[in-house]
Amino acid sequence: MPVLTHSELTRLSRAREALGLDGPLPRIAELAEIAQMSRFHFMRRFQLVSGESPNQLRIRQRLLRARELLAGGHASVTEVCFQLGYSSLGSFSSLYRRRMGESPQAARRRLWSAGSLTPCMERDLHPGCMSLLEAAWARTDEHFWRSIRAPVLQHSLTQPTREEPA
Amino acid sequence: MRIRLNSIFVDDQDKALKFYTEVLGFVKSVEIPMGEYRWLTVRSPEGGDAELSLEPNANPAAKTYQQALLAQGIPATAFEVDDIEEEHARLDGLGVAFTREPTDAGPVTIAVFSDTCGNLIQIYQLPR
């Protein structure tokens with residue numbers, strides 16, 4: 001027997017979606033009801049699929065969202081804090097620093113100074129794989145790509161404009 | 001033309017890197033900071049020249065796609081293993097949740113597990 005049946009997985013996915021990012025944290029009993037499981041069973045199963053509890057997952061996802069907003073540079077730390085529903089700037093800053101390794105103020109400065117991912121990309125757009133790749137290419141020199149053990153990048157990304165010396 | 005790069009959406013690159021290296025056993029290949037994201041790839045220590053990009057699912061379309069695949073039980077990608085029973089036992093011992101234990105699927109044997117980052121992953125063993 002597999003650890004998780006397809007039916008369980010589907011129901012757990014619904015509960016995971018119901019977690020959301022905004023508003024008050026749904027009660028475990030509500031999530032368990034969505035997943036059609038007992039609270040105990042739901043918590044065990046959720047941890048198996050996600051590697052963390054619903055509360056931990058939501059905290060992490062909200063902090064990642066905070067990092068995105070901070071990187072956008074349009075909102076102050078205070079605005080990001082309240083936009084995500086935290087009621088105390090001090091608590092938000094403390095939580096952010098503890099989990100993300102730097103204060104939200106420092107993150108905002110660092111991320112915003114990093115600039116746009118690519119010249120043609122608006123900050124508000126979320127990057128996909130290929131746009132990150134393009135940016136990676138633009139930010140490093142040919143020596144970097146040749147120094148790493150990454151044939152795909154060596155072959156595909158170094159600019160094919162120069163002949164190798166004989 | 002060659003296929004040497006594949007990507008998978010993950011809900012958190014840090015968490016994904018930990019799972020894909022410490023649990024699955026891949027090794028980090030390239031990591032370049034890109035503001036709040038990173039160009040981040042892993043590769044197999046067993047050889048081959050394919051890279052797997054751990055791609056942030058920040059785009060809402062990516063989230064929707066990823067959630068739909070998960071809810072329908074569809075693996076996001078597949079990795080080949082030499083001995084699926086052995087790999088299953090190893091991952092099971094590390095607490096990985098399987099939705100399908102090693103199962104004959106015609107000429108191959110397959111198994112499916114959660115990568116804890118919002119995906120199902122299939123492993124398969126070809127006939128010996």
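First the proteins, then the strands, lettered A, B, ... as listed; each starts at 1.
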Identify the heavy atoms of A/Arg16 and B/Thr116 that sit nearest to each other, and give their distance. NH1-O, 4.5 Å
Roughly how far, to the nearest 0.5 Å, is the OG atom of B/Ser114 from the CG atom of A/Leu4? 7.5 Å
Using non-hydrogen atoms and a 4.5 Å limit, figure out which bit of A/Arg11 sits close to chain B: side chain, backbone, both or neither. neither
Residue part contacting chain B, namely of A/Leu64, when any heavy atom lies under 4.5 Å: side chain
Take a 6.0 Å sphere around CD of B/Gln67 and say whether it holds more than 12 heavy atoms from other residues, nucleotides or ligands. yes
Is the number of heavy atoms from other residues, nucleotides or ligands within 6.0 Å of CZ (A/Arg97) greater than 12? no
Tell me whether A/Val80 shares a hydrophobic cluster with A/Ile59, the cluster being built from Ile, Leu, Val, Met, Phe, Trp, Tyr side chains joined at under 4.5 Å. yes
ILVMFWY network linking B/Leu40 to B/Val27, side-chain heavy atoms under 4.5 angstrom: no
Mind checking the CE-CD spacing from A/Met100 to B/Glu36? Nearest 0.5 Å is all I need. 10.0 Å
Among B/Ala111, B/Gly118, B/Gly95, B/Cys117, who wins on heavy-atom pairs under 4.5 Å with chain A? B/Gly118
Inter-residue atom distance B/Gln66.CD - A/Ser13.OG, 0.5 Å rounding: 10.0 Å
In the single-linkage hydrophobic clustering (I, L, V, M, F, W, Y; side-chain heavy atoms under 4.5 Å), do B/Val23 and B/Leu52 co-cluster? yes
Segment of B/Leu120 engaging chain A (4.5 angstrom heavy-atom cut-off): side chain
To the nearest 0.5 angstrom, please state how far the CG atom of B/Leu70 sits from the CG atom of A/Leu12. 9.0 Å
Please identify, among B/Ala62, B/Ala71, B/Ala61, B/Gly73, the residue contributing the most non-hydrogen atom pairs under 4.5 Å to chain A. B/Ala71
hydrophobic_cluster_shared for A/Leu69 and A/Leu111, side chain cutoff 4.5 Å: no
Part of A/Gln61 lying under 4.5 Å from any heavy atom of chain B: side chain
Please report the interatomic distance CZ(A/Arg67) to OH(B/Tyr37), rounded to the nearest 0.5 Å. 7.5 Å
Contact origin within A/Arg14 toward chain B - heavy atom pairs under 4.5 Å: neither
Atom NE2 of A/His6 and atom OG1 of B/Thr99: how far apart are they, to the nearest 0.5 Å? 8.5 Å
Decide salt bridge (charged side-chain N to carboxylate O under 4.0 Å, His left out) for B/Asp14 and A/Arg99; before the verdict, give the C-alpha distance in whole Å, the side-chain angles of both, and the deciding distance to 0.1 Å. CA-CA 12 Å; B/Asp14 286 327; A/Arg99 296 295 188 95; over 6 Å; no
Going only through I, L, V, M, F, W and Y residues with side-chain contacts under 4.5 Å, is there a path from B/Leu94 to B/Val81? yes
Do B/Asp11 and A/Arg60 come close enough that some side-chain heavy atom pair is under 4.5 Å? yes
